Amino acid sequence: MTEQVDALVIGAGPAGLMAAEMLANAGQRVVITEAMPTPARKFLMAGKSGLNLTKDESLPDFTRRFSGSAREALGYWDSERPGFGPNEVRKWAEDLGVELFTGSTRRVFPVGMKASPLLRSWLARLRGNGVELRTRWKWIGLNGGFRFATPEGSRLLAPSVTVLALGGASWPRLGSDGGWVPVLQAAGVDITRFRPANMGLQVHWSPAMERYFGLAVKGAAVHAGHQVSRGEWIISRHGIEGGGIYEVAALIRDGAEAKVDLLPDLDDTAASRRFQRPRGKLSIGNWLRRIIGDPVKTALLLEWGQPWPTDIAGWAKHARALPLRHDGPVGLEQAISTAGGISRTAVTDDLQLRALPGVFVAGEMLDWEAPTGGYLITGCLATGRRAGLAAAAFRNGAGSVA
């Protein structure tokens with residue numbers, strides 16, 4: 001049997017839930033399907049580190065952090081229909097009863113530093129608007145409608161309008177496995193291959209670095225292309241990871257040379273003066289530790305500074321511009337998010353698939369990327385809102401802007 005529904009949203013992450021909210025607010029009977037047993041698993045995982053919802057900065061500064069062929073999908077460059085930016089995210093969360101605060105880095109978090117209270121309030125509001133959530137419903141293809149594998153067997157839905165929000169291809173254990181790619185490619189949708197984003201970098205360390213696994217690199221600056229990151233990062237058994245790396249990871253992935261400034265709060269003269277300290281009978285390691293003042297930074301200088309300089313000027317230069325030696329990004333399954341996805345040419349201005357009229361797309365399925373730090377979640381909410389509003393207009397007979 002084929003079930004007729006007003007509006008179908010596939011994927012219950014932030015983009016899908018936001019699309020469902022827009023559709024429900026427009027009077028549509030909405031069904032959300034989710035392949036996992038519970039909704040928004042990646043969103044909840046993000047909450048384990050505090051749930052950085054957005055970044056408190058001007059819209060021009062905010063939008064500079066987005067890239068990819070479909071970055072216009074966020075709507076931040078549309079003066080007539082401005083996108084869902086930092087200020088709007090704050091109001092939306094506060095309307096859900098979530099108290100927010102802005103940290104020293106201008107990142108915005110719930111006071112409770114958790115995602116679950118916000119998600120519970122959001123789901124309750126959706127239920128109150130008549131939205132139905134069906135979990136363990138995995139979309140498997142297009143065959144006279146949208147076919148799903150469910151605990152009760154195969155089911156077919158025939159919606160009047162659909163929003164796809166199935167995520168990219170990172171963290172597949174949380175539901176974003178990219179399994180939708182062959183289905184849409186077979187339907188004629190142009191898709192840019194996925195690449196890891198907001199990811200760590202692989203490093204094959206020497207045995208001397210083992211004692212530093214799990215320790216943080218603090219107070220350093222990573223330079224890559226036109227960007228500089230002052231965030232902390234972690235030395236792990238397999239490489240380096242953390243916010244300070246994720247901020248510049250896309251540039252490094254795309255070939256930018258990366259340098260680490262171990263003394264970013266000193267100018268060149270002050271840094272050089274430090275290295276004039278006599279070594280005496282100290283080993284190189286102990287001498288550098290006294291100069292750098294941090295054993296983890298010293299270990300990196302010894303590891304990545306080979307062949308070691310033979311003079312003071314060389315050591316000072318290395319400390320200010322240490323080559324970040326890596327063996328490429330980690331794989332998709334270990335990345336926080338993905339670059340690539342449905343290309344800009346495959347969708348209309350309102351995120352409707354040109355190959356599938358009445359089907360809209362939101363979130364990480366689209367070819368855009370942004371760093372962590374509030375940009376990624378805000379972008380998913382923005383595209384979900386845009387797709388949901390457009391889908392509601394289409395359902396109500398207003399059509400979609402080509």
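Fair warning: this is a prediction, and the values are worked out from it, not measured in the lab.
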Could you tell me whether the side chains of [X] and [Y] share a donor-acceptor contact shorter than 3.5 Å?
X      : Y      : value
Ser343 : Ser69  : no
Gln185 : Asp190 : no
Asn87  : Arg90  : no
Arg344 : Thr192 : no

Salt bridge check, [Y] against [X]: does any charged N sit closer than 4.0 Å to a carboxylate O?
X      : Y      : value
Glu247 : Arg65  : yes
Asp254 : Arg195 : yes
Arg134 : Glu34  : no
Asp268 : Arg320 : yes
Asp177 : Lys138 : yes

Closest approach of [X] to [Y] (non-hydrogen atoms, all atoms of both residues):
X      : Y      : result
Leu142 : Ala187 : CD1-CB, 4.3 Å
Thr105 : Lys55  : O-CE, 2.9 Å
Val361 : Leu366 : O-CD1, 3.8 Å
Ala224 : Ile252 : CB-CG1, 3.9 Å
Ala339 : Ala197 : N-CB, 3.8 Å
Ala115 : Phe43  : CB-O, 3.7 Å

Is there a donor-acceptor pair under 3.5 Å between the side chain of [X] and the backbone N or O of [Y]?
X      : Y      : result
Trp139 : Gly141 : yes
His238 : Gln202 : no
Asp350 : Ala387 : no
Lys259 : Leu322 : no
Ser49  : Ala46  : yes
Ser121 : Pro117 : no
Arg354 : Thr345 : yes
Glu364 : Thr338 : yes
Gln352 : Gly358 : yes
Thr383 : Gly363 : yes

With a cut-off of 6.0 Å (strictly less than), are more than 12 heavy atoms of other residues, nucleotides or ligands near [atom1] of [X]?
X      : atom1 : answer
Lys317 : NZ    : no
Arg211 : CZ    : no
Glu132 : CD    : yes
His326 : NE2   : yes

Please report the interatomic distance [atom1]([X]) to [atom2]([Y]), rounded to the nearest 0.5 Å.
X      : Y      : atom1 : atom2 : result
Ile284 : Arg289 : CD1   : CZ    : 11.5 Å
Arg325 : His204 : CZ    : NE2   : 15.5 Å
Arg71  : Phe66  : CZ    : CZ    : 10.0 Å
Leu8   : Phe146 : CG    : CZ    : 6.5 Å
Met199 : Ile240 : CE    : CD1   : 10.0 Å
Thr348 : Phe394 : OG1   : CZ    : 10.0 Å

Test log, rule side-chain contact (heavy atoms from CB on, under 4.5 Å), inputs Val89 and Leu381: CA-CA 8 Å; Val89 169; Leu381 293 171; 4.2 Å; yes
Plane angle bin for Trp308 and Trp315 - parallel if under 30°, tilted between 30 and 60°, otherwise perpendicular: tilted
If you define the side chain from C-beta out and look only at heavy atoms, does anything of [X] sit under 4.5 Å from [Y]?
X      : Y      : value
Arg395 : Asp6   : yes
Leu266 : Arg273 : no
Ser154 : Arg147 : yes
Phe194 : Leu332 : yes
Trp92  : Arg385 : no
Ile32  : Val131 : yes
Gln334 : Pro196 : no
Ile191 : Trp180 : yes

Partners passing side chain to side chain contact (heavy atoms under 4.5 Å, CB included) against Met209 (at least two apart in sequence or in another chain): Trp205, Ser206, Tyr212, Phe213, Ile235, Ala299, Leu300, Glu303
Residues forming a side chain to side chain contact (heavy atoms under 4.5 Å, CB included) with Thr150, sequence neighbours excluded: Trp137, Phe148, Glu152, Arg155
Pair Leu44-Thr38, side-chain contact (heavy atoms from CB on, under 4.5 Å): steps then yes or no: CA-CA 10 Å; Leu44 290 172; Thr38 54; 5.7 Å; no
Verdict with supporting geometry, Phe101 and Val108, side-chain contact (heavy atoms from CB on, under 4.5 Å): CA-CA 6 Å; Phe101 76 95; Val108 179; over 6 Å; no
Pairs where residues 160-176 contributes a residue and the test side chain to side chain donor-acceptor pair (under 3.5 Å) is met, not counting sequence neighbours: Lys42-Ser170
Test side-chain contact (heavy atoms from CB on, under 4.5 Å) applied to Leu164 and Val359, step by step: CA-CA 7 Å; Leu164 304 179; Val359 179; 3.7 Å; yes
Check against salt bridge (Lys or Arg N to Asp or Glu O under 4.0 Å), Arg230 and Asp265: CA-CA 11 Å; Arg230 289 294 303 265; Asp265 296 319; 3.3 Å; yes
Side chain to side chain contact (heavy atoms under 4.5 Å, CB included) partner of Leu74, the single match among Tyr375, Phe62, Trp368: Trp368
Working for salt bridge (Lys or Arg N to Asp or Glu O under 4.0 Å), residues Arg386 and Glu72: CA-CA 11 Å; Arg386 191 173 178 89; Glu72 293 178 1; over 6 Å; no
